[in-house]
Amino acid sequence: MLVYNTLRNRKEEFVPINPPNVTMYVCGPTIYDYFHIGNGRTFVMSDIIRRYLIYKGYNVKFVMNLTDVDDKIIRKAVQEGVSTKELTLRYEKAFMDDIKIFKMKPADLYPKATEHMQEIEDLIEKLENKGIAYNVDGNIFYDVGKFKGYGKLSGKKTDELEIGSRVDINEEKRNPLDFSVWKKSKEGEPFWESKWGNGRPGWHIECSAMSMKHLGETIDIHAGGNDLIFPHHENEIAQSEAATGKDFAHYWMHFGFLNIDKQKMSKSLSNFFTARDILTQYPAEALRLLFVQSHYRSPLNFSKELIESAKKGTEKLNNLSMLILKGIENKNGNIIEYNFQKYFNLFSEAMDDDFNTSQATGVIFDFIRDINRIISENENINFSFYEDAFNFLNSTANNVLGIIDFDELRTVEKDEDDAWIVEQIEARTKAKLDKNWQLADEIRDVLSDKGIILEDSKNGTTYKKKLI
RNA sequence: GGCGACGUGGCCAAGUGGCUUAAGGCGUGGGUCUGCAAAACCUAUAUUCAUCGGUUCGAAUCCGAUCGUCGCCUCCA
């Protein structure tokens, strides 16, 4: 299995430290607002990578942090006149709700900075003792010059950065590139007591401390959005590796941006859609399909047209899935020979190549066409064929990619199984026999208005529910 | 200024030296089925991969130049 490693800008064979265990850390959201679908792309794709590792038989420990101390949080809390605690709790809850409707598998752990003050303080102390961090009047800075590996992730050379071009130079720092690991608290800001006085941790230190605490000093995979490469991940490496003398993470994975009109979707440009907003208009499967149809490292330009076309694709997946669920009930019928294994192989082949979900999705759709053809060319097919088809789609499209939700389809089928609809269909069938087309169409329209779509076939009329 | 990514059909997108006479999704034209529709299937939709040169028996794929787009170097997924 190949994984693209930002550390060396190339695909590398994936070799976990302690197989079959895999440790994975993903930089999560700052919980001061609803997350947008650009953030959502990162979360969903890391969810899919995790699920594929599980599919491959790995035992994955997956940690995603929630940043709950930071300037933006403080600013917004002041604006709203609430405590930072109250604000972050609110958005933590919203985050949990949103990932649920996005159908992500919950992380094994969602550590928060405010709950790891001791670990953070210990780590800073370690850096200070080694002479890598220095104290200027209660502010602790990391001395970039003391870590010779600085820049190895982002490929930046410290003397080539345009220092001070976009941010004011802080006179307290020895080197303008040095960054805060501990910030002295200002008037009115939340603070934690420490041996250096009251203050709060810098942004990067929390991830170092929490990753090491929950997953170990060296982990397998550390992931996040493309914009975190520098300075966030670069600084995490600097802090962690200077403290331990060990590799911090073996594989660094980064996700491409979701753009709007070719521009990065971001809070500051206010060109974003929140995930919860989009997810009231489209099923999670449609958004997930949109994401997996392109490669996780490529930029993806979001538009109404794209999500609409993804929704159409989802309908195609669901139509066959419903047929399969019904077909499983047929205990008699003709046995069909079919090479399902071929598709499992093609799927793994695609995913093994740096999680090529785009190709893997192509495999799924090839499969769908094949199965649809077989179903339309054969009558009375035995349930074992449907069972095998279900197994393939369930373990790939459902369990790994999350673009089909069989559980939901099953409940939809059940919910709609009410007498009234059946009555209407029977009335329409009778009207059709009487060649009363007008009445038949009327009944169909009434049901359609209620979100029930009828489909006639040789074996009678079936119905399905419209997607949102 | 430095670093990095990218430019494939009407739209999205995989492929990165011969398996590809370029997957898959959406759209569009034609057909099968149907009272009509829907769904599904069949079929047609790029002699071509930004442009121009080069390497090679062979290039969308490698090299060079040019044009264009985006990102990072500030908080950011």
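To find a chain, count down the sequence lines: A is the first, B the second, and so on, and within it residues start at 1. Note that the coordinates shown come from a computational prediction; the quantities given were computed from them, not determined experimentally.
You cannot call A/Phe365 stacked on the base of B/rG24; the centres under 5.5 Å and planes under 30° rule is not satisfied.
In summary, A/Lys342 and A/Asp366 do not engage in a salt bridge, as defined by a charged side-chain N under 4.0 Å from a carboxylate O. Using a cutoff of 4.0 Å between basic side-chain nitrogens and carboxylate oxygens, A/Arg276 and A/Asp98 are scored as salt-bridged. A salt bridge links A/Arg373 to A/Asp370: at least one charged side-chain nitrogen sits closer than 4.0 Å to a carboxylate oxygen. Between A/Asp71 and A/Lys183 there is a salt bridge, with a side-chain nitrogen of the basic residue lying less than 4.0 Å from a carboxylate oxygen of the acidic one.
Taking the P atoms as reference points, B/rG7 lies 13 Å from B/rU16, given to the whole Å. Of the C1' atoms belonging to B/rC41 and B/rG9, the separation is 23 Å, rounded to the nearest Å. Straight-line distance between the P atoms of B/rC62 and B/rG1: roughly 26 Å, to the nearest whole Å. B/rG17 and B/rA60 have their C1' atoms separated by 10 Å, given to the nearest Å. Rounded to a whole angstrom, the distance from the P atom of B/rA23 to that of B/rC42 is 15 Å. For the P atoms, the distance linking B/rU61 with B/rA77 amounts to 37 Å, nearest Å. As rounded to the nearest Å, B/rA39 and B/rG25 have P atoms that lie 15 Å from one another. Across the C1' atoms, B/rC6 and B/rA50 are found 11 Å apart, a figure rounded to whole Å.
As judged by a 4.0 angstrom heavy-atom cut-off over every strand, A/Leu258 is placed among the base-contacting residues. Nucleic acid contact for A/Ser358: base, since at least one base atom lies under 4.0 Å from a heavy atom of the residue. Counting any heavy atom pair closer than 4.0 Å across all strands shown, A/His254 reaches no nucleic acid atom. Residue A/Gly224 is classed as a sugar-phosphate contact, given heavy-atom separations below 4.0 Å to backbone atoms only. A/Gly40 comes within 4.0 angstrom of nothing in the nucleic acid, heavy atoms only. Counting any heavy atom pair closer than 4.0 Å across all strands shown, A/Leu228 reaches sugar-phosphate atoms only and no base atom. Using a 4.0 Å heavy-atom criterion, one finds that A/Asp456 contacts the bases of the nucleic acid, with or without backbone contacts as well. Counting non-hydrogen atoms under 4.0 angstrom, A/Ser154 reaches the backbone sugars and phosphates but no base. Residue A/Glu305 is classed as having no contact, given no heavy-atom separation below 4.0 Å to the nucleic acid. Across all strands shown, A/Ser457 has no heavy atoms under 4.0 Å from either base or sugar-phosphate atoms. Within the nucleic acid shown, A/Arg288 has no heavy atom closer than 4.0 Å to any nucleic acid atom. Residue A/Ile375 is classed as having no contact, given no heavy-atom separation below 4.0 Å to the nucleic acid. Base contact: A/Lys264 has a heavy atom under 4.0 Å from a base atom.
In this model, no donor atom of one side chain and acceptor atom of the other lie less than 3.5 Å apart for A/Asn271 and A/Gln263. Under 3.5 Å, the side chains of A/Ser208 and A/Gln239 contain a donor-acceptor pair of N or O atoms. Counted by atom type alone, A/Tyr34 and A/Asp277 present zero donor-acceptor pairs between their side chains at under 3.5 Å.
For B/rG71, the OP1/OP2 oxygens have no side-chain nitrogen or oxygen of A/Asn259 closer than 4.0 Å. Remark: A/Arg369 is in phosphate contact with B/rG24, judged by side-chain N or O atoms under 4.0 Å from OP1 or OP2. Phosphate contact (OP1/OP2 of B/rC72, side-chain N/O of A/Lys156, threshold under 4.0 Å): absent. Residue A/Asn372 has a polar side-chain atom (N or O) positioned under 4.0 Å from OP1 or OP2 of B/rC41. For the OP1/OP2 pair of B/rA14 and a distance below 4.0 Å, the side-chain nitrogens and oxygens of A/Ser298 include at least one atom meeting the criterion.
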(request) Kindly express the pairing pattern of RNA chain B in dot-bracket notation, using | wherever a base pairs with another strand and counting only Watson-Crick or G-U pairs under 3.5 Å. (result) ((((((((.[[[..)..(.....]]]((((((.......))))))....[[[[[..)....]]]]])))))))....
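In this structure, the separation between CG on A/Leu300 and OG on A/Ser294 is 4.0 Å, given to the nearest 0.5 Å.
You'll find that the side chain of A/Asp70 is closest to B/rC75, out of B/rC26, B/rC75, B/rG35. The side chain of A/Gln293 has B/rG25 as its nearest neighbour among B/rA14, B/rA23, B/rG25. Which of B/rC72, B/rA40, B/rA77 sits closest to the side chain of A/Phe230 comes down to B/rC72. Candidate nucleotides B/rA14, B/rC41, B/rA13 were compared by shortest atom distance to the side chain of A/Leu300, and B/rA13 ranks first. Taking only side-chain atoms of A/Met265, from C-beta outward, the nucleotide of B/rA77, B/rA14, B/rG35 with the closest atom is B/rA77. With B/rG27, B/rC36, B/rA77 as the choices, the nucleotide that has an atom nearest any side-chain atom of A/Asp441 turns out to be B/rC36. Among the nucleotides B/rA77, B/rC26, B/rC73, the one closest to any side-chain atom of A/Asp227 is B/rA77. In this structure, of B/rC36, B/rC75, B/rA13, it is B/rC75 that holds the atom nearest to the side chain of A/Lys72. Residue A/Arg444 has its side chain nearest to B/rC36 when only B/rG71, B/rC36, B/rC73 are considered. Out of B/rC41, B/rC36, B/rA13, the shortest distance to the side chain of A/Lys316 is found at B/rC41.
Side chain of A/Asp354 to backbone of A/Tyr4: a donor-acceptor contact under 3.5 angstrom is found. Under a 3.5 Å cut-off, the side chain of A/Asp70 and the backbone N or O of A/Ile73 do form a donor-acceptor pair.
Whole-Å rounding puts the A/Glu308 CD to B/rU28 P distance at 13 Å. The separation between A/Phe255 atom CZ and B/rG4 atom C1' is 18 Å, rounded to whole Å. The nearest whole Å value for the distance from the NZ atom in A/Lys435 to the C1' atom in B/rA37 is 16 Å. One can place CG of A/Leu323 at 13 Å from C1' of B/rA38, the figure rounded to the nearest angstrom. A/Leu153 places its CG atom 16 Å from the P atom of B/rC72, with the value rounded to the nearest Å. The nearest whole Å value for the distance from the NZ atom in A/Lys464 to the C1' atom in B/rA37 is 13 Å. Atom-to-atom, CD1 of A/Ile371 to P of B/rA40 comes out at 15 Å; the value is rounded to the nearest Å.
Mapping A/Glu455 and A/Asn301 onto RNA chain B by nearest heavy atom places A/Asn301 at the nucleotide closer to the 5' end. Map A/Trp437 and A/Asp353 each onto its nearest nucleotide of RNA chain B; the residue landing nearer the 5' end is A/Asp353.
Of all heavy-atom pairs spanning A/Ile48 and A/Leu401, the tightest one is CD1-O, 3.6 Å.
Taking the six-membered ring where tryptophan is involved, the planes of A/His254 and A/His233 are tilted, since the angle between them lies from 30° to 60°.
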